[in-house]
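It should be emphasised that the depicted structure is a prediction, and the values quoted were computed from it without experimental measurement. All values below come from the heavy atoms of this structure, side chains included, with hydrogens, waters and symmetry mates left out.
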Amino acid sequence: MTVRPLVIAVDGPAAAGKGTLAKALAAKLGLPYLDTGLLYRAVARRMVNAGLDPAGDASAEAQALQQADLARTDLRVPEIDRGASLVAAQPAVRAALLERQRVFASETGAVVDGRDIGTVVFPDADVKFFITASPRTRALRRHHQVHGGTPLEETALEAAIAEIVARDERDSSRETAPLVQSPDAILIETDALSAAEVLEKACETVARWKARN
C-alpha cells in the first residue's frame, strides 16, 4: 500500500510564531520545511530593487523568481513586510507561486507555513494549525527579530502595532486566498507560551493524528 506523504499546514498572521513552530516541527519530524511567506517577500524585493511599486503588477517577477532570491538577507525588513502583503494580494502572483508550493511537498511531505496553506494550497493537509497572538506581542517579537535586544520606545511600539493591524486587515480582506482559519485547523494562541511549549502542543496533535491513521 502506498502511504501518502505527511503534509502539515501552519497558518497565521505575521510574527505570531508560525515560522518558529514550522521549522521546529519539521526538524522534529524529519520533514522538509517551506516558508511560503519568503516567496512573496522575495517577489516584493525583486519589485523594489527594480524600482517598481509592489502594489503594481508583480506577476512577471513572481514567474522569474530564482532560488537565489530566497537566500537574500534583506527580506525581513519593514519595507518588504508591506511589499510582501501587497504582492500576495495579487491573484496572478499567487497563481504563479501555487504550483511551486505544491510540488515542494508532493513527494516527501513537508511542514509548510503561510497564510492560506490549509485553505488553498493544501486544503487536504493531514494536520492543520492556526497560530496567533495579540498585535502587541507580535510587534514586540518582530522588533526583536529585526533589532535584537534594542529597546523599543512606546511611540515606536504603537506605530509597529498599527502596522501589524493594517497588515492583518490587508491579508484578511483580500479577495484571493485571504488569511482565515480553516475550520479544521487547531488554534494555538502563543502570547503566554514559549516556543518549546507551542512545539509540544503541536507534537501532541500530530501524535494523535498518527495514532488514528
Side-chain angles (χ1 to χ4, degrees), residues 2-16 18-27 29-50 52-77 79-131 167 170-172 174-182 185:
T2 301
V3 178
R4 187 167 70 92
L6 175 63
V7 176
I8 299 175
V10 183
D11 287 310
K18 64 182 181 296
T20 299
L21 169 62
K23 282 183 283 190
L25 193 57
L29 299 174
L31 290 170
Y33 162 64
L34 177 62
D35 172 7
T36 64
L38 203 62
L39 300 175
Y40 296 100
R41 287 177 177 276
V43 172
R45 172 52 71 187
R46 287 180 64 95
M47 291 287 284
V48 170
N49 286 3
L52 303 172
D53 184 351
D57 182 4
S59 58
E61 298 300 334
Q63 292 165 359
L65 197 65
Q66 302 294 319
Q67 192 62 35
D69 293 313
L70 305 179
R72 296 183 62 105
T73 59
D74 56 357
L75 299 181
R76 298 189 183 280
V77 296
E79 178 184 32
I80 302 304
D81 286 350
R82 176 180 177 275
S85 183
L86 292 171
V87 301
Q90 300 178 32
V93 171
R94 303 198 75 86
L97 299 179
L98 180 60
E99 190 61 22
R100 180 191 289 248
Q101 297 171 55
R102 288 178 172 164
V103 167
F104 181 87
S106 62
E107 294 185 358
T108 61
V111 179
V112 187
D113 82 55
R115 287 171 177 74
D116 65 341
I117 308 307
T119 53
V120 176
V121 182
F122 292 106
D124 297 324
D126 301 293
V127 182
K128 301 178 185 180
F129 295 103
F130 192 87
I131 311 303
R167 180 166 186 185
R170 290 195 300 270
D171 291 346
S172 300
R174 65 189 181 213
E175 292 186 9
T176 302
L179 168 65
V180 293
Q181 181 182 343
S182 177

- Message: Can you pull out every salt bridge (Lys or Arg N to Asp or Glu O under 4.0 Å) where at least one residue sits in residues 29-44? Sequence neighbours excluded, please.
- Response: D35-R76, R41-D81

- Decide yes or no on side-chain contact (heavy atoms from CB on, under 4.5 Å) for Y33 and I8, but give the supporting numbers first. CA-CA 10 Å; Y33 162 64; I8 299 175; over 6 Å; no

- Message: With no hydrogens and no angle check, just 3.5 Å: does a side-chain donor-acceptor pair link R170 and S85?
- Response: yes

- Query: Atom CD in Q101, atom OG in S106: separation rounded to 0.5 Å?
  - Reply: 12.5 Å

- Message: Using the rule given for side-chain contact (heavy atoms from CB on, under 4.5 Å), can you reason through R45 versus V77, listing the C-alpha separation, both sets of side-chain angles and the distance that settles it, and then say yes or no?
- Response: CA-CA 10 Å; R45 172 52 71 187; V77 296; 3.7 Å; yes

- Query: Looking at side-chain heavy atoms only, is the closest gap between L34 and R100 below 4.5 Å?
  - Reply: no

- Show your working on side-chain contact (heavy atoms from CB on, under 4.5 Å) between D124 and V7 and close with a plain yes or no. CA-CA 9 Å; D124 297 324; V7 176; over 6 Å; no

- Can you tell me how far CG of L98 sits from CG of L39, rounded to the nearest 0.5 angstrom? 11.0 Å

- Message: Which heavy atom of A84 sits nearest to which heavy atom of A44, and what is that distance?
- Response: N-CB, 3.6 Å

- Determine the minimum heavy-atom distance between Y40 and V87, stating which atoms define it. O-CG2, 3.5 Å

- What are the two closest non-hydrogen atoms of S182 and G118, and how far apart are they? OG-O, 3.9 Å

- Message: For residues 54-72, which residue pairs pass the side chain to side chain donor-acceptor pair (under 3.5 Å) check, not counting sequence neighbours?
- Response: R46-E61, R46-D69, D57-S59, R72-D74

- Locate the shortest heavy-atom distance separating A110 from A105; write the atom from each residue and the value. CB-CB, 3.7 Å

- T36 side, atom OG1; K18 side, atom NZ - distance, nearest 0.5 Å: 8.0 Å

- Does R94 use its side chain to pair, donor to acceptor, with the backbone of A89 at less than 3.5 Å? no

- Note on the structure: On a heavy-atom basis, the closest approach of P32 and T108 is CG-OG1, 3.3 Å

- Task: Write out all pairs satisfying salt bridge (Lys or Arg N to Asp or Glu O under 4.0 Å) with one or both partners inside residues 103-115, taking only residues at least two apart or from two chains.
- Result: R115-D171

- Message: For a quick test of reading the model, state the closest non-hydrogen atom pair linking A62 to L97 and the distance between them.
- Response: O-CD2, 4.0 Å

- Task: Using side chain to side chain contact (heavy atoms under 4.5 Å, CB included) as the criterion, point out the one residue from I117, V121, I131 that pairs with D11.
- Result: I117

